[in-house]
Amino acid sequence: MADPGPQRGWFVFGFRGVAEPPATGARRVEPEPGGIRVVRPAWSYTGLVTGRGRLVLRGLLAGPLPGRCRDLLPSESHVLLLRGAALEAWARGAGLGGGPAWRRRLHPGETAGPLPLAPGGYVTPRPPFLHPLPLPARKLVLGHEHAALLGPTGTVYTWGSSRHGQLGHGGLEPVSEPRLVEALHGVPMGDVAAGGWHSVSVSEGGDLYAWGWNESGQLALPCKALAEKRPPAAASVSQHEEPGAGEAELKLVSPKAAPGAEAGDFISIQAFPALLDLPEGSEVSKVSCGSRHTAAVTRTGELYTWGWGKYGQLGHTDTASSDQPRQVGYFPANGLSVEDVVCGPWNTYICAVEK
């Protein structure tokens, strides 16, 4: 019998539902026939696409859907699907019944994906579903109020709201069209991610850059709110609170300034990309952002997380928030190497393989 090779699986930390306690430890995601190819978490449910093209929904919106699926974008109002030769938006309130609320057939020669990229533009899982895009893109990611695009040559463009510095242009003014993040120009990027109100990118050389809101330490920069609560422990902040509420100190840092260079220098808004250092000089291969937390996979298969941790989404067996990258110990302790990470708003999905 042929050797099946190293076993690969998906794991999850964090939020499990409004009636469930926080999951501070790792849970293995129940496998699917053909394996799990795509993981797309929303707040109250998660969409999975299997290796056989089957769509499975788990959480408050659960069950399989008929027909083959290639990709999806979930939200609390709609689920946008790439199925066959069409893009479809299904209203969640109808239980995904009664037919799609919107449909766009792909013409011969047109390709879509990975979502939200679509022919001639990009899609969102809420109306209006299709938006024009004037630039070619390798990858496009969506935050709560902004978007970030990775171009074919490794350039990064952002647009949308910048009231928390999430566009990386040095100011807090909104931008209506894709605009080059000039502070990163000349350093080719290999990956980009968008959180609720922050952004992160990884250079082709494995360097990590972050900008935007740092209210919960999600940029891995000194956070006043966390420092004031250490010791004994970092208190949590309600995710339902409007961003910017409270009395967080506004601190803008230029791209030439070393983050945290001054004693007691706390940063709530980082309007330019800041170069971050992981422990032991680890090089990053993959990054993902939740609403207010960040996760990075290194080229040697380790996982580091930081930011808001109220629901155990950081994977450190507690619910503390952190403004410092910490390695998740579960995977090396169990002989696993991390290959991929996908953050939901309040949880974190990890693909790992036996060493």
Side-chain angles (χ1 to χ4, degrees), residues 114 116-118 120-122 131-214 218-222 250-261 265 267-278 281-289 294-299 304 306 325 343:
L117 293 175
Y122 67 99
H131 307 260
L133 188 62
L135 297 173
R138 283 163 48 188
K139 183 177 183 180
L140 178 68
V141 289
L142 304 174
H144 289 334
E145 301 173 339
H146 75 293
L149 180 152
L150 180 64
T153 61
T155 52
V156 175
Y157 295 80
T158 58
W159 66 99
S161 170
S162 190
R163 61 188 178 132
H164 296 288
Q166 61 262 51
L167 300 187
H169 301 311
L172 308 182
E173 301 79 18
V175 175
S176 60
E177 297 291 335
R179 177 179 168 187
L180 177 69
V181 180
E182 295 182 1
L184 298 175
H185 191 53
V187 182
M189 295 292 138
D191 196 16
V192 66
W197 302 273
H198 72 292
S199 305
V200 181
S201 67
V202 180
S203 75
E204 292 182 352
D207 292 327
L208 185 64
Y209 297 83
W211 60 96
W213 201 30
N214 194 46
Q218 58 263 52
L219 302 186
L221 299 175
L250 175 63
K251 178 70 175 181
L252 300 183
V253 179
S254 73
K256 296 181 181 179
D265 188 14
I267 299 169
S268 66
I269 290 179
Q270 172 71 27
F272 289 103
L275 176 62
L276 306 179
D277 290 322
L278 292 187
S282 299
E283 295 180 348
V284 177
S285 61
K286 171 74 177 178
V287 69
S288 185
C289 299
T294 307
V297 179
T298 70
R299 291 180 175 178
Y304 287 86
W306 58 94
C343 292

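On a predicted model such as this, the values are computed, not experimentally measured, just so you know.
The two atoms that bring Ala148 and Val192 nearest to each other are CB-CG2, 3.9 Å, heavy atoms only.
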Could you pull out every donor-acceptor pair under 3.5 Å between side chains of residues 169-181 and any protein atom, sequence neighbours left out?
unit_1, atom_1, unit_2, atom_2, d
His169, NE2, Thr158, OG1, 2.9

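Residues Asn214 and Gln270 have side chains not in contact (no heavy-atom distance under 4.5 Å, counting atoms from C-beta outward). When side chains are defined from C-beta on, Trp306 counts as touching Leu278, because their heavy atoms get closer than 4.5 Å. Side-chain contact between Trp159 and Leu149 is present, with at least one heavy-atom pair separated by less than 4.5 Å. Annotation: side chain of Met189 is not in contact with side chain of Val202 (no heavy-atom distance under 4.5 Å). In this structure, the side chains of Leu275 and Leu208 stay at 4.5 Å or more apart for every pair of heavy atoms. Leu135 is listed as a side-chain neighbour of Tyr157, based on a closest heavy-atom distance under 4.5 Å.
In this structure Asp207 satisfies the salt bridge (Lys or Arg N to Asp or Glu O under 4.0 Å) test with no other residue, sequence neighbours excluded. For Ser199, the side chain to side chain contact (heavy atoms under 4.5 Å, CB included) test picks out His146, Gln166, Trp211, with sequence neighbours left out. Looking at residues two or more places apart in sequence or on another chain, you find a side chain to side chain donor-acceptor pair (under 3.5 Å) between Thr298 and Thr300, Glu302. Residues passing the ring pair (Phe, Tyr, Trp, His ring centres under 6.0 Å) test with His131 are Tyr122, sequence neighbours excluded.
Sorted by first and then second residue, the salt bridge (charged side-chain N to carboxylate O under 4.0 Å, His left out) pairs with a member in residues 189-204 read Lys139-Asp191; sequence neighbours excluded.
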